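Accompanying notes for the structure given below.
Keep in mind that this is a model prediction, so the values were computed, not measured. By convention in this document, chain letters (A, B, ...) are assigned in the order of the sequence lines, proteins followed by strands, and residues within each chain are numbered from 1.
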There are 2 protein chains.
Amino acid sequence: MEEKEISQAVVGRLPRYLRYLGELRDEGIERVSSQELSDIMHVTASQIRQDLNTFGGFGQQGYGYNVGYLYDEIGKILGLNREHRLIIVGAGNLGQALVNYTDFERRGFLFLGIFDHDQKVCGKKIRGITVRPMEEMADFIRENQIDIAVLTVPKNSAAEVAELLAADGIRGIWNFAHVDLQLPRHIQVENVHLSDSLMKLSYNLASNGRDDLQWAESGQESRSLN
Amino acid sequence: MEEKEISQAVVGRLPRYLRYLGELRDEGIERVSSQELSDIMHVTASQIRQDLNTFGGFGQQGYGYNVGYLYDEIGKILGLNREHRLIIVGAGNLGQALVNYTDFERRGFLFLGIFDHDQKVCGKKIRGITVRPMEEMADFIRENQIDIAVLTVPKNSAAEVAELLAADGIRGIWNFAHVDLQLPRHIQVENVHLSDSLMKLSYNLASNGRDDLQWAESGQESRSLN
DNA sequence: AATCAATTGACAAAAAATTAACATAAGCGT
DNA sequence: ACGCTTATGTTAATTTTTTGTCAATTGATT
């Protein structure tokens with residue numbers, strides 16, 4: 001299945017390509033060259049071509065790239081062509097905020113369950129989804145073929161809960177807890193360490209004045225955040 | 001002031017060093033070698049020494065690093081020794097969740113104001129902070145010496161609001177809106193593009209089975225955020 | 001049909017980041 | 001005090017990432 005080990009740096013840029021291609025598509029633009037995209041996105045045309053070619057020849061010499069086609073292909077690469085079934089673990093403020101953010105659903109990320117240790121919030125409904133006690137989680141994951149768990153529990157219980165999730169057959173964890181999870185390698189972990197991000201901003205404020213690139217991309221770090 | 005242009009890759013790793021050093025310190029451990037830290041954090045000892053030396057010689061040959069001292073120094077580098085004064089712009093679910101997350105305050109990031117366009121939420125109190133109308137924002141920023149704005153408005157109004165903030169003298173923007181902001185270079189922007197992060201996770205699930213590193217760092221990265 | 005302009009995909013070069021190696025300095029034990 | 005061990009800071013090597021270049025291919029134009 002796998003070809004030759006694609007770097008996370010490249011993968012991290014794909015969502016941004018997708019976003020700009022979506023905008024072009026919505027404007028009714030059918031074709032785009034790497035140079036045009038370069039001008040809009042402020043990355044080199046060479047990098048765009050290199051990145052896209054990592055996954056295949058989506059363009060045509062002398063023509064450029066078909067916006068709609070490229071959009072779809074990148075979406076497929078990112079796994080957006082298939083449905084993802086998620087649960088939120090930890091019904092605190094952040095967990096609730098994520099459930100209420102409907103953009104994810106439009107991308108095929110379906111929030112199917114919410115779990116919390118606290119009996120007081122169990123039973124409460126958030127956007128139509130009932131908060132359930134942790135005890136029901138294992139069965140729920142299996143019965144509803146959940147593949148991703150969003151971990152929004154306090155940092156001191158994160159490791160423990162993550163191990164439960166791993167045991168219950170979860171394939172990926174979107175980790176908002178401020179710890180590094182140690183799990184079997186077949187389980188994918190994507191960290192969102194908000195305080196790390198804020199500290200990076202703080203650093204860049206402190207070491208001010210420098211002519212940093214304003215146009216960095218998120219993650220990796222943009223530079224931002226990432 | 002500035003020495004020789006420090007890479008964002010290095011900066012992005014500092015918060016993680018800080019986190020592990022804080023844990024060691026809390027355990028009462030006074031000294032640590034790059035090799036010990038390497039074992040705990042799963043990065044090479046060489047990288048740790050290289051990273052730390054970017055900012056100065058914090059260690060001592062034959063001894064290692066003093067945990068408390070190193071912790072403090074990294075904190076200073078990240079600007080955590082001084083107070084940061086923030087406002088939240090956009091009192092939606094995410095904005096409210098961030099205000100309620102008290103860990104930031106412990107690091108010296110003080111939420112002093114919340115602003116929203118919607119008259120219905122104005123006047124509401126979130127953790128003691130009153131939501132104010134956007135019209136009052138400019139004065140508030142000046143009167144309270146706000147340096148960072150947390151941008152949690154919908155993506156279609158983000159650019160507009162960001163320009164207001166820039167005009168009002170904000171120095172940094174922590175941007176949760178799913179757009180790239182185009183602002184004067186002296187304004188630092190740190191992006192948190194959550195959907196990008198989720199797509200990365202989706203990719204790594206799709207291209208499964210690969211023996212990806214379980215121990216990647218956030219941002220950037222890491223394969224996280226950032 | 002033939003030429004011209006545009007633009008990719010591939011390869012090469014350059015730059016950046018990571019890892020390795022090692023000389024040097026500090027502590028520790030005898 | 002002396003030698004041995006430890007572990008940094010630094011330089012060098014390696015690897016990865018990014019950027020530049022160009023032949024080859026397509027579409028447009030005459």
Output the rounded distance in Å from [atom1] ([X]) to [atom2] ([N]).
{"X": "Phe58(A)", "N": "dT7(C)", "atom1": "CZ", "atom2": "C1'", "value": "17 Å"}
{"X": "Leu70(B)", "N": "dT8(D)", "atom1": "CG", "atom2": "P", "value": "11 Å"}
{"X": "Ile48(B)", "N": "dA7(D)", "atom1": "CD1", "atom2": "P", "value": "13 Å"}
{"X": "His42(A)", "N": "dT19(D)", "atom1": "NE2", "atom2": "C1'", "value": "17 Å"}
{"X": "Arg31(B)", "N": "dT5(D)", "atom1": "CZ", "atom2": "P", "value": "16 Å"}
{"X": "Glu36(A)", "N": "dT7(C)", "atom1": "CD", "atom2": "P", "value": "6 Å"}
{"X": "Phe55(A)", "N": "dT8(C)", "atom1": "CZ", "atom2": "P", "value": "18 Å"}
{"X": "Gln8(B)", "N": "dA16(C)", "atom1": "CD", "atom2": "P", "value": "14 Å"}

Answer yes or no: does a side-chain N or O of [X] lie under 4.0 Å from OP1 or OP2 of [N]?
{"X": "Gln61(B)", "N": "dG9(D)", "result": "no"}
{"X": "Thr44(A)", "N": "dT19(D)", "result": "yes"}
{"X": "Tyr65(B)", "N": "dT6(D)", "result": "no"}

Quick check for you: among [options], whose closest atom lies nearest to any side-chain atom of [X]?
{"X": "Ser34(A)", "options": "dG27(D), dT8(C), dA25(C)", "value": "dT8(C)"}
{"X": "Arg49(A)", "options": "dG9(D), dT8(C), dT19(C)", "value": "dT8(C)"}
{"X": "Gln60(B)", "options": "dT19(C), dA26(C), dT8(C)", "value": "dA26(C)"}
{"X": "Ser46(B)", "options": "dG9(C), dT18(C), dA20(C)", "value": "dA20(C)"}
{"X": "Asn53(B)", "options": "dC22(D), dT10(D), dT7(C)", "value": "dT10(D)"}
{"X": "Gln47(A)", "options": "dT19(D), dT8(D), dT18(C)", "value": "dT19(D)"}

Ring centroid separation for Phe109(B) and Trp174(B), is it under 6.0 angstrom?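 Judged by ring-centre distance (under 6.0 Å), Phe109(B) and Trp174(B) do not meet the cut-off.
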By nearest nucleotide on DNA chain D, pick out whichever of Gln50(A) and Gly62(A) is the more 5' one.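 It is Gln50(A), whose closest nucleotide lies nearer the 5' terminus.
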Find which nucleotide of DNA chain D each of Gly64(B) and Val10(A) is nearest to by heavy atoms, and output the residue with the more 5' nucleotide.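 By nearest-heavy-atom nucleotide position, the 5'-most residue is Gly64(B).
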How is Gln35(B) classified with respect to the nucleic acid when contacts are heavy atoms under 4.0 Å: base, sugar-phosphate, or nothing?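 Touches nothing.
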Minimum-distance pair of heavy atoms, taken over all atoms of Ile74(B) and Leu14(B):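 Smallest heavy-atom distance, with atoms named: CG2-O, 3.9 Å.
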Is NZ or CZ of Arg31(B) both nearer than 6.0 Å to the six-membered ring centre of Tyr63(B) and within 45° of the ring axis?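 Yes - Arg31(B) lies over the ring of Tyr63(B), closer than 6.0 Å to its centre and within 45° of its axis.
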Taking the basic N atoms (NZ, or NE/NH1/NH2) and the acidic carboxylate oxygens, is any pair closer than 4.0 Å for Asp51(A) and Arg13(A)?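 Looking at Arg13(A) together with Asp51(A), the answer is yes, because their closest N to O distance falls below 4.0 Å.
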Between Lys155(B) and Asp103(A), does at least one N-O distance fall below 4.0 Å, as a salt bridge requires?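 No, Lys155(B) and Asp103(A) are not salt-bridged.
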